[in-house]
Amino acid sequence: MANYTHLHDWNLTPSEAVALQQTLRYSIRIEQPVAPFRTIAGCDISFNKFEETVYAGIVVLRLDTLETIEESGVVSRATFPYIPGLLSFREIPALLEAWANLETDPDVVMFDGHGTAHPRRIGIASHGGLWLNKPAFGCGKSVLVGKFDQPAPEQGNWTPMRHYGDVVGAALRTKNKVTPVYVSPGHLIDLQTTIALTLQCDGGYRIPEPTRRAHLLVNNLRKAAKDPQT
DNA sequence: GCGACAG
DNA sequence: ATCTTGTCGC
């Protein structure tokens, strides 16, 4: 089953959260994975605006067939507000609850957000990877930091995203002539592998399957709780 | 000081 | 993120 070890407290002020990121960033390891990956997890959360209740979910799929092999959804609470650069403090606590309910132990995790493409190089994918002590990377729909040139319009093309002289991620075209997604390594993985895995998770949509299915899962959870029906 | 700013 | 219908383009 999937587990994780407690790294630190979550009830922090935004200021304390930034300070914690400055100490945690040095534990992050960006490197080429040794063992091949067989399964991948996608995670996401959903919520009603102005409400503290959040629906967190994780979907595990086989990398070779993209078949879903497990889903885990939980209803939790997020007390930390959304602040650009501190997303992990709002989303990870609930995601850990969903993770703990997993029967399988995914080989790598795809987060909805960034990894090193972050002002302090420790986005949700890096922070999450540290907690899970597992290879993790981020795939975001918009940019937080980093400058880049537009990649060629055909699927598979990508351009490096740079921030203060560092290549922090890549603008990757997952579909012909469609806005690219922004990927970056989180922990225990490198940019090349991050790009390859994202392309391997292609299901015909801009958003790769792990994240796309996790999004559908948590959205259905939220709707189910909203209506007195099924 | 001003503008930017993952989900 | 969420609130929402139709509509332009391949």
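All values reported here derive from a predicted model rather than from experimental measurement. The figures that follow rest on heavy atoms only: side chains count, while hydrogens, waters and symmetry mates do not.
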Problem set entry | Per-nucleotide protein contact string for nucleotides 2-7 of chain B (B base, S sugar-phosphate only, - none; heavy atom under 4.0 Å) | ---BBB
For this session: Using a 3.5 Å limit on both pairing distances, list the dot-bracket string of DNA chain B from the 5' end; Watson-Crick and G-U wobble pairs count, crossing pairs take [ ], interstrand pairs take |.
Result: .......
For this session: Answer with yes or no whether the side chains of A:D149 and A:T159 bring together a donor and an acceptor at under 3.5 Å.
Result: no
Exercise. Which stems does DNA chain C form, counting runs of 3 or more consecutive Watson-Crick or G-U wobble pairs with both distances under 3.5 Å?
Worked result: none
Exercise. Step by step, would you call A:E52 with A:T79 a side chain to side chain contact (heavy atoms under 4.5 Å, CB included)?
Worked result: CA-CA 6 Å; A:E52 206 167 73; A:T79 54; 4.1 Å; yes
Exercise. Whole-Å distance between C:dC10 C1' and A:R206 CZ?
Worked result: 18 Å
Exercise. Salt-bridged, A:D112 to A:K141, with N to O below 4.0 Å?
Worked result: yes
Seminar exercise, completed: From CG of A:L221 across to P of C:dT2 the rounded distance in Å is 13 Å
For this session: Taking only the side-chain nitrogens and oxygens of A:N219, find out if one of them lies under 4.0 Å from OP1 or OP2 of C:dT2.
Result: yes
Exercise. How about A:H8 and A:W131: does a side-chain donor come under 3.5 Å of a side-chain acceptor?
Worked result: yes
For this session: Give A:H127 one of three labels, base, sugar-phosphate or nothing, depending on what nucleic acid heavy atoms sit under 4.0 Å from its own.
Result: nothing
Exercise. Could you walk me through whether A:I40 and A:F137 pass the side chain to side chain contact (heavy atoms under 4.5 Å, CB included) check?
Worked result: CA-CA 11 Å; A:I40 184 169; A:F137 65 95; 4.0 Å; yes
For this session: Using modelled atom types only, decide if a donor and an acceptor are shared between the side chain of A:R206 and the backbone of A:K175 within a distance under 3.5 Å.
Result: no
For this session: Working to the nearest 0.5 Å, report the span between CZ of A:F111 and OG of A:S184.
Result: 11.5 Å
Problem set entry | Full working for side chain to side chain contact (heavy atoms under 4.5 Å, CB included) between A:T116 and A:D166 | CA-CA 10 Å; A:T116 54; A:D166 298 336; over 6 Å; no
Seminar exercise, completed: dist A:L96:CG -> A:W10:CH2 (nearest 0.5 Å) comes out at 6.5 Å
Exercise. Is there a side-chain contact between A:D202 and A:T174 (heavy atoms, below 4.5 Å)?
Worked result: no
Exercise. Got a second to check how far A:F89's CZ is from A:H127's NE2, nearest 0.5 Å?
Worked result: 4.5 Å
For this session: Could you check A:K177 against A:R222 and say which one's nearest nucleotide on DNA chain C is further toward the 5' end?
Result: A:R222
